[in-house]
Amino acid sequence: MQFDTVIHDGTVVTTSDTVKADIGITDGRITAIAERLAGGAQRIDAGGRLVLPGGIEAHAHIAQESSSGVMGADGYLSGSISAAFGGNSSFIPFAAQHRGQSIDEVISTYDARAAESVLDYSYHLIISDPTPEVLNDQLPRAFARGITSFKVFMTYDMMNIGDGGMLDILTVARAHGAITMVHAENNDMIKWMNKRLANAGLTAPKYHAISRPELAEEEAINRAISLAKLVDAPLFIVHVSTAGGAAIVQREILAGTRLFAETCPQYLALTRDDLDRPGMEGAKYICSPPLRDTATQDALWRHVQSGTFTSVSSDHAPYRYDDTGKFLNGRDVAYPKISNGMPGIGARLPYLFSEGVVKGRISLQQFVGLSASNAARTFGMTQKGSIAVGLDADIAIWDPETTRKITLADQHDNMDYTPFEGMELTGVPETVLNRGAVIVHKGQLHAQKGQGRFVARAPMDLRGAGHLVKERDVTVNFGAKI
Ligand code: DUC
Ligand code: ZN
Ligand code: ZN
């Protein structure tokens, strides 16, 4: 067999196996896996290296305006390059609908923005305006194009669609085999806390941490799950930041609810003390939900270990520490006026590998699941997320031993800080391939702007699990078809 590329002498890892094997690649796909493969126009020596599925970043804000209209610092070029240096072969950023926009308009805007990507990509649609046209015509058109997931907000006045809006979206999603992602925080609890803090003159960045109580997340996670159960729709809870929230997710998964969730490196690595850095430095650590404490970190790690989380995602939301980003509303402003989010798309996998695999918290198999395979299965990237004959040759070759300190320069994004600066990590994604093309090798970029392709995703298979609540079951609800 003729191969374009052979990766040889590496240790190939999937969610089920760790084997010494060579991989043959033809026309961007994996066409052979064997103990020894000869040939290959290009041969990549993976001796002493781990050959893993390329990461799939399932939560990133790229070329996206925030809920208050602030454009992030990374477009699809810098965002995808940073992701590639961080061991990813594809990503699924958000395409955000702001009120009054049609979904078709949103998708064509993001198609233009994403044309620069060096990674394959899809979008999760953020829905903030679920009008009848959106629900009945525009979302079905988006599904037909292979956009099979979206995010809704339970907080932020400009985004919050209320419980009724969520039920409508969950119902449409259920009908098409799409999955709904939710930012779960109780809006009124946060507004009430904000008012009390403002009245007391407590405006420094550190007060952001207490303005969004753990209970606000826990209550909203509980409510979101109840809403999803009422219409028997799959649900994905994004950026879980609390022990209580994770425990609810775990309990529901064990009870058979079709539920998925993620946490993020910042909730595992950083604490609210980072918001109390001198001057306005704490602004760098403002994200929502906010950073918590070390007890929460321990609890979240236990949930990572025990399988509560589908993935560990970056929630890359890059606002520079200047007046284009964090301080768009001025430097000495109260915390609610500071742009909300932090970068991390390049650091996600090196962090998870080092703190997870190298420190013995998770196995290599779990790492592969949390970094790529689970996102591929959950979000319908059927050609990606594992190493098997027939799949796209999306591969990350890791040097598992080299130790380095995280620096801003290593992130290759458009940011002027990294919240993980100085963290010492072992393990480097040395070579990254997207559909067979080497895009990063030994610290050098080999990708061409725009070589990434849109990935049409498959609907979720909704057979099997799932429960019809009594009140919607025609056999026991007096025959009401609702
Ligand atoms: N939610 C996100 O997912 N990212 C940034 C800010 C937010 O509220
Ligand atoms: Zn969110
Ligand atoms: Zn986010």
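Just so you know, ligand 1 is whichever comes first in the structure, and atom 1 is the first atom listed for that ligand. Numbers for residues simply follow the sequence, beginning at 1.
- Ring pair Tyr417/Tyr321 is perpendicular by interplanar angle, where above 60° counts as perpendicular and below 30° as parallel.
- By the 30° and 60° cut-offs, the orientation of the rings of Phe85 relative to His412 is parallel.
- Taking the Zn ion (ligand 2) as the corner point, the angle from His183 atom ND1 to His239 atom NE2 is about 90° (rounded to 10 degrees).
- Side chain of Asn186 to backbone of Ala216: no donor-acceptor contact under 3.5 angstrom is found.
- Distances below 4.0 Å separate heavy atoms of Asp315 from the following atoms of ligand 1: 2 (C), 3 (O), 4 (N), 5 (C).
- Look at Asp332 and Lys337 and you find no salt bridge, because none of the NZ, NE, NH1 or NH2 atoms lies under 4.0 Å from a carboxylate O.
- Both the sub-6.0 Å distance and the 45° axial angle are not jointly satisfied by Lys206 relative to the ring of Tyr335.
- Ligand 1 has Ser288 within reach: a non-hydrogen atom of the residue lies less than 4.0 Å from it.
- Close approach of ligand 1 to His183 (heavy-atom distance below 4.0 Å) involves ligand atoms 1 (N), 7 (C), 8 (O).
- Interface of Lys151 with ligand 1, defined as ligand atoms under 4.0 Å from a residue heavy atom, comprises 1 (N), 2 (C), 3 (O).
- Considering only heavy atoms from C-beta on, Phe260 stays 4.5 Å or farther from Met181 through its side chain.
- At a cut-off of 2.8 Å, His59 is counted among the residues with an N, O or S atom near the Zn ion (ligand 3).
- The aromatic rings of Phe153 and Tyr156 sit tilted relative to each other, their planes meeting at an angle between 30° and 60°.
- In the vicinity of His61, heavy-atom distances shorter than 4.0 Å reach the ligand 1 atoms 2 (C), 3 (O), 4 (N), 5 (C).
- Classified by interplanar angle (parallel below 30°, tilted 30° to 60°, perpendicular above 60°), the ring pair His239/His59 is tilted.
- The shortest heavy-atom distance from Tyr156 to ligand 1 is under 4.0 Å.
- For atom 6 (C) of ligand 1, the closest non-hydrogen atom of the protein is Asn340 O, 3.9 Å.
- For Asp315, the N/O/S atom at the shortest distance from the Zn ion (ligand 3) is named OD1.
- Taking backbone and side-chain atoms together, Lys151 has an N/O/S atom less than 2.8 Å away from the Zn ion (ligand 2).
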